[in-house]
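Notes to accompany the following structure.
Given the structure is predicted, the values throughout are model-derived calculations rather than measurements. As a basis for the values below, the full set of heavy atoms in this structure was taken, side chains included, without hydrogen atoms, waters or symmetry mates. So that the names make sense, note that chain A is the first sequence line, chain B the second, and so on, each numbered from 1.
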Amino acid sequence: MAECNIEGTKDTPKVYLSSEKKEITISGYSYPENSVEFYKPILETIDNAVASLKDDETFSLNFELLYFNSSTSKILIDIFDKLEESATTGKKIVVNWKYSGENESMAEYGNDFKEGLEAVSFNIIEVEK
Amino acid sequence: MSTSKSKGEIHDLFQSEHSVISHARELLASSGKSKIDAKEFEIILKGFSSALNKLEKIIRIHDRQQHEISRLSDKLSYISKQTSRYIPQQVYEAIFSKENQNEFALTVERKKMAVFFSDIVNFSEITQDIEPELLALTMNTYLNEMFNIAKEYGGTIDKTIGDALLIFFGAPKTLGEKEDVLACVNMAIAMRKSIHKLEIVLQQHGITKPIKVRMAIHAGFCTVGNFGNQDRMDYTIIGNPVNLASRLQNEAENNQILITQEVFTLIQDDIYCEKKNAVFVKGFHYPILCYEVFDLYKNMKKPNDISAFSEGFSVYFNNKLVSKDKKKEILVTLNKIIDTLKDT
């Protein structure tokens, strides 16, 4: 599994892939100047991780976003649709959508993303700040 | 961060949706007059359904974000309005101006400023027996009037200590050295004139003792800026001119505005002043030349006013303002002048 570790900035999220744990965590703010360009290596990493997933393995995606723009939301919808396709073919995929209790809107966004996903296990989890 | 996306970037975001449309166009072009294959149509339909589904989600999320931004904007407006009551207007404007998008820095600068001090004479005695609510009303009525006048003339209210006021001109905005000093003196004159309004309000609440103020202004180089740390800052001035203005204010008589030589030099063409005896004040080992401010020359040309100014002679007389006892003294003085003039 290729490594993908990106330090967060005030405009872009921190991305950390743990090959060992088979999980990727995306946290912070996401309003990159060019969302497509920023998320391209991340999408490739997710694709590779899912493709190399063995039958007894589960791939987890943790999202701990504080704010994201419309371009990011389009990319996230694409990611979740793709994951849903893979999960339909038998891949075990879990999405943990984490939000702070002080940011209730983030929970609602989670519900929007979750809508229509059946094969992917999509959890909306409140975390302490 | 770029706030607007280029057409190309948006196009890239919708690459999969564009490929569905391209596929549909190609199919339509190649099919001619023959029917489109049901399976192909199903693929296209699936693609459009997915695109529509995504669009609906994006709009829903976007609307929620807009609502959230609007809510936060209202909250920010409320906080900013509340905050503005606790910091000087000029400082507030400097912090929230478009030019100051970066943090209002912990900077200080040394510049020439006009420094104003005032207090109410015997304020403690006037208010010692009144209820706290009435004391609050008195203070708030007074400070409200003074703050409005300071704001009107562009002064930065540094601090209030009880009924005492420290206001300065020249930072964070300056109109120029002379203009700043002139605005400061004009403000002091306006404040003195407004005192009677305060007396009327207080009389309505049973406080009949007359309100008198003492004011002083000095101009000089001060250090001004934000002092404190990242958690709490105070935009203030420090320096000898501040001490001198404060000391001189203690020397002022009831309803008197005293100014120093430095101030007089800048405003003498616009405002009628009289030279007073030099005073010695604590902390300064030399006599302080000072002048009493009367009014703007333009304001003095009223039916009740008589004024004449030339080298070696200056007079301003307003019959309404002079008490009976003073009139006798003035008459004696005028007769002396007349006798002296007759003898020459």
Separation of B:Gln65 CD from A:Ser73 OG (nearest 0.5 Å): 6.0 Å
B:Glu42 atom CD, over 12 foreign heavy atoms within 6.0 Å: no
Value rounded to 0.5 Å, distance of OG in B:Ser16 from NZ in A:Lys74: 4.5 Å
Atom CZ of A:Phe38: over 12 foreign heavy atoms under 6.0 Å: yes
B:Lys159 atom NZ: more than 12 heavy-atom contacts under 6.0 Å: yes
Proximity of residues 53-64 of chain B to chain A, residues having a non-hydrogen atom under 4.5 angstrom: B:Lys54, B:Lys57, B:Ile58, B:Arg60, B:Ile61, B:His62, B:Arg64
Straight-line distance of B:Ser50 OG to A:Ile77 CD1, nearest 0.5 Å: 9.5 Å
Heavy atoms from other residues, nucleotides or ligands near NE2 of B:His67 exceed 12 (cutoff 6.0 Å): no
Side chain / backbone / both / neither for A:Glu115 at chain B, heavy atoms under 4.5 Å: both
Flag if over 12 foreign heavy atoms under 6.0 Å of NZ, A:Lys82: no
Straight-line distance of B:Asp12 CG to A:Ser35 OG, nearest 0.5 Å: 11.0 Å
Over 12 non-hydrogen atoms of neighbours within 6.0 angstrom of NE2 in B:His11: no
Portion of A:Tyr67 that has a non-hydrogen atom of chain B nearer than 4.5 angstrom: side chain
Over 12 foreign heavy atoms within 6.0 Å of CD, B:Glu131: no
Engaged part of B:Glu17 at the chain A interface, taking heavy atoms whose separation is under 4.5 Å: side chain
Residues 68-75 of chain B: residues contacting chain A (heavy atom under 4.5 Å, by number): B:Glu68, B:Ile69
